[in-house]
**Student:** 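First, the structure itself, so that you have it in front of you.
Start at 1 and go down the list; that is how both ligands and their atoms are numbered. Quantities reported herein were computed from a predicted structural model and do not represent experimental measurements.
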Amino acid sequence: MILCHSITELRATIAQRRLSEGGKVAFVPTMGNLHSGHIHLIHEAHKAGNIVVASIFVNPMQFGPNEDLESYPRTLQLDGEKLAEAGCHILFAPSANEIYPQGSDNHTQVCVPELGEELCGAARPGHFTGVTTVVSKLFNIVQPDVALFGQKDFQQLAIIRQMTQDLCLPIEIKGVPTVRGDSGLALSSRNGYLTDEERAKAPRLYQTLVEIRQSIESGESDFDKLCQQAKAQLAEYGFTPDYLSVRRQSDLKPAEAEDSTLVILAAAHLGKARLIDNIAFALDQK
Ligand code: PAF
């Protein structure tokens, strides 16, 4: 695996590889601290293209003032070993100065309105503008044919799809199903913040989503009532729920009783970790 820290070096490396091998560049952007979910994205990238590029960049623009930018785990050496073992060909690991030479505050922004302002966007103002700005920069730098993102970040995936479509970027966006531990807990870099006691409680978030899905599949259509009850239960378990909502998959607008392609999304704090999860499913046509 070739490790590149600068944009120039990365562009030259990809160009050379494209020249010698042709084919498709499949790109997996990450913030590092890699777990099996990321490695699964690399394996899926191998199916999508023959030149697999990953990036590791803890993007300051997507962190709010009181968030975990400083403490976010930086584990480049170990991440590089995992990526090399998974067969990643090129790793781009730029410094903040390489991506934002003038700092990120006055940088041009790429913003997807509406979709980026609710759910996680409401709880983390500016977060998705930070994501879409850095992802559009990474897309311009890497110029992939296909880019892969985990479905755990369902809203992020929807926003990136919208951005790619709106900006006419010639990139196929692939969503990859969430990888879960045996307990059902979605793998996340932020699970590392959980204490042993919290880790034992954390799967309750996914179980809650499963129970809501079962109720809806059994005919319950008062989504607000279901979510309010579930939030109260999560609070009893020690979570501080941020949101819990049943939405339409197509545009993430609140679902109505007649909608059939749904996603239940949740975010909740547990100790120092903010956990997010979702279940997407389709009801038999009514
Ligand atoms: O999902 C992430 O890890 C980040 O939001 C991303 C897409 C790499 C942008 O920084």
**Student:** Short list, please: which atoms of ligand 1 are under 4.0 Å from a heavy atom of Q62?
**Tutor:**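 Near Q62, meaning under 4.0 Å from one of its heavy atoms, ligand 1 has 4 (C), 5 (O), 9 (C), 10 (O).
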**Student:** Has T132 got a side-chain atom pairing as donor or acceptor with V110's backbone, closer than 3.5 angstrom?
**Tutor:**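 Confirmed, T132 side chain pairs with V110 backbone.
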**Student:** For ligand 1, which atoms sit closer than 4.0 Å to a heavy atom of T30?
**Tutor:**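 Those of ligand 1 that fall under 4.0 Å from T30 are 8 (C).
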**Student:** Run the side-chain contact (heavy atoms from CB on, under 4.5 Å) test against A123 and tell me which residues pass, sequence neighbours left out.
**Tutor:**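 Applying side-chain contact (heavy atoms from CB on, under 4.5 Å) to A123 gives D242, R274.
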**Student:** Quick check on contacts: which atoms of ligand 1 are under 4.0 angstrom from a heavy atom of Q156?
**Tutor:**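 Per the distance check, 1 (O), 2 (C), 4 (C), 5 (O), 7 (C).
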**Student:** Taking only residues two or more places apart in sequence or in another chain, which ones pass side-chain contact (heavy atoms from CB on, under 4.5 Å) with T240?
**Tutor:**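 By the side-chain contact (heavy atoms from CB on, under 4.5 Å) rule, T240 matches H269.
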**Student:** Just which atoms of ligand 1 are under 4.0 Å from any heavy atom in V134?
**Tutor:**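 Here the atoms of ligand 1 in question are 9 (C), 10 (O).
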**Student:** Can you check whether I7's main-chain N or O pairs, donor with acceptor, with E98's side chain at less than 3.5 Å?
**Tutor:**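 Between the backbone of I7 and the side chain of E98 there is a qualifying donor-acceptor contact (under 3.5 Å).
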